[in-house]
S.K.: 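Just passing along the structure, written as structure tokens.
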Amino acid sequence: MFMFKKRKKESVAIPFLASMIVTLILVGLPVSKIYSKLLENKEANEAKKNSLIFTPTVENDTTILFVYDTDDNSLRDSYAVLRTSAVNKSFIFIPVSNDMLCGNKKMSEIYKQGGVIELQAAIEKTLDIDIQRYMKLNDKAFTLVCDAFGGVNYNVPDGLRGLNEGTQYLSSEFILKLISNKKFAEDARTVTTGSVLSEMISQTTGSRFSDALDYTFNSLINLVQTDITSIDYENQKDAIEYIFNSNQFKASYRIPTGEKTDAGLKVDKQFLEEIQEELGI
């Protein structure tokens, strides 16, 4: 009786063991192949990602003229040249006053008579720099830009219509009121324009702005007059994201200096030499 039971256990164990081995072979080999394939794909993706790490060069440096043309013709327009450098992780604004001279004409006259193209040519000649692209913004477009950066905390001077004095948060609505204000002396308004623009960039959360870059550009491009194309954007997108994601970027501004006459501001040679060195051009 004992011998019979022993043989029965052996007869059950051997087929069971054999079926387990067969199952492991049938299941294990495909699973092993799938795992190996997944591992290979992961390694390939990581290698591809590493090969696409952005490395900035001077080719990524760009110079753009921004024109804020107010919807209200009684207010003053604003002009600013922006130099962006991915290598230096920097943004440098050069606000251009309405009364800065090109020859014997003020920039405001040149813009009024010839538009943004003539203004760009005049600024290039006056500052001796090459401006690669331009963008002309109305109230709606400029509001979109300010909202994308999240506004700015700024110390508003006294005596400006529609604005309270002192340090405060300025939304897009009040930024527009500030830099186009008729009560502002032109010199002070020009300084404020450069200061507000650079502070707005400095105070933004870089990663948040870069994450919304596609949305901002696609929304903005339909509101503005510009010679910036979608190809230009794609070529420079990595550089812009690189700067903002570094969280070490710097934004500053430089005010053109020179001889101030009744005719306007004649930029001096010293400023031209300094700004060209600083911009790396």
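No hydrogens, no waters, no symmetry mates; every other heavy atom, side chains included, goes into these values.
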S.K.: Using a strict cut-off of less than 4.0 Å between a Lys/Arg side-chain nitrogen and an Asp/Glu carboxylate oxygen, indicate whether R76 and E186 qualify as a salt bridge.
M.R.: yes
S.K.: D128 vs Q276, test: side-chain contact (heavy atoms from CB on, under 4.5 Å). Steps then yes/no.
M.R.: CA-CA 8 Å; D128 195 19; Q276 288 179 22; 3.1 Å; yes
S.K.: Determine, stepwise, if the pair S97 / R189 fulfils side-chain hydrogen bond (donor to acceptor under 3.5 Å, both in side chains).
M.R.: CA-CA 8 Å; S97 66; R189 192 188 70 85; over 6 Å; no
S.K.: What are the two closest heavy atoms between K125 and C102, and how far apart are they?
M.R.: CD-SG, 4.1 Å
S.K.: If every non-hydrogen atom of P256 is compared with every non-hydrogen atom of L265, which pair is closest and at what distance?
M.R.: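 It is O-CD2, 3.8 Å.
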S.K.: Side-chain donor-acceptor pair under 3.5 Å between S85 and D61, yes or no?
M.R.: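 Checked: S85/D61 side chains pair up, N/O donor to acceptor below 3.5 Å.
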S.K.: Just so I know, are the side chains of I255 and P95 near enough to count as touching, which here means a heavy-atom distance under 4.5 Å?
M.R.: yes
S.K.: Students often mix this up, so state it plainly: with edges at 30° and 60°, are the rings of F149 and F244 parallel, tilted or perpendicular?
M.R.: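 It falls in the tilted class, 30° to 60°.
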S.K.: Are side-chain heavy atoms of L170 and V156 found at a separation under 4.5 Å?
M.R.: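 A side-chain contact exists here, since the closest heavy-atom pair is under 4.5 Å.
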S.K.: Is there a side-chain contact between V87 and N60 in this structure, where contact means two heavy atoms from C-beta onward sitting under 4.5 Å apart?
M.R.: no
S.K.: Before accepting this row, confirm whether a basic side-chain N of the pair D71/K140 lies closer than 4.0 Å to the acidic partner's carboxylate O.
M.R.: no
S.K.: How close do T126 and V267 get, counting heavy atoms only, and between which atoms?
M.R.: CG2-CG2, 4.1 Å
S.K.: If you define the side chain from C-beta out and look only at heavy atoms, does anything of L178 sit under 4.5 Å from F184?
M.R.: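 The answer is yes; the side chains approach within 4.5 Å.
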S.K.: Give the ring-plane orientation class for Y68 versus F142, where under 30° counts as parallel, over 60° as perpendicular and anything between as tilted.
M.R.: parallel
S.K.: Do Q132 and D130 make a side-chain contact, defined as non-hydrogen atoms from C-beta onward lying under 4.5 Å apart?
M.R.: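 Side chain of Q132 against side chain of D130, heavy atoms only: contact under 4.5 Å found.
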S.K.: With the threshold set at 4.0 Å, does a side-chain nitrogen-carboxylate oxygen contact exist between K237 and D214?
M.R.: yes
S.K.: What's the verdict on side-chain hydrogen bond (donor to acceptor under 3.5 Å, both in side chains) for N245 and S207, showing C-alpha distance, side-chain angles and the deciding distance?
M.R.: CA-CA 5 Å; N245 287 331; S207 57; 5.4 Å; no
S.K.: side-chain hydrogen bond (donor to acceptor under 3.5 Å, both in side chains), that's the test. Do Q113 and E109 meet it? Break it down for me.
M.R.: CA-CA 6 Å; Q113 295 170 5; E109 295 176 64; 4.6 Å; no
S.K.: Can you tell if the side chain of Y154 reaches within under 4.5 Å of the side chain of I175, non-hydrogen atoms only?
M.R.: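 When only atoms from C-beta onward are counted, I175 and Y154 do not touch, as no gap falls below 4.5 Å.
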S.K.: Quick check: closest heavy atoms across K89 and S246, and the distance to 0.1 Å?
M.R.: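 That would be CD-OG, 3.7 Å.
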S.K.: Are more than 12 heavy atoms, taken from residues, nucleotides or ligands other than D72, located less than 6.0 Å from that residue's CG atom?
M.R.: yes
S.K.: I need the minimum non-hydrogen distance between A80 and F93, along with the two atoms involved.
M.R.: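 Closest pair (atom of A80, atom of F93, distance): CB-CD2, 4.3 Å.
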S.K.: Are the ring centres of Y134 and Y79 closer than 6.0 Å?
M.R.: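 Not close enough - the centres of the two rings lie 6.0 Å or further apart.
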S.K.: Apply side-chain contact (heavy atoms from CB on, under 4.5 Å) to the pair I240 and T84, showing each step before the final yes or no.
M.R.: CA-CA 9 Å; I240 298 170; T84 301; 5.6 Å; no
S.K.: Search all heavy atoms of Q120 against all heavy atoms of I131 and return the closest pair with its distance.
M.R.: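 Where Q120 meets I131 most closely, the heavy atoms are NE2-O, 3.1 Å.
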S.K.: So do the side chains of R133 and D232 get within less than 4.5 Å of each other, counting heavy atoms only?
M.R.: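 Sidechains of D232 and R133: in contact.
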S.K.: State which residue, out of L144, T226, L220, T143, fulfils the side-chain contact (heavy atoms from CB on, under 4.5 Å) condition with L137.
M.R.: L220
S.K.: Can you check whether K106 reaches L101 side chain to side chain, under 4.5 Å on heavy atoms?
M.R.: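 They are in side-chain contact.
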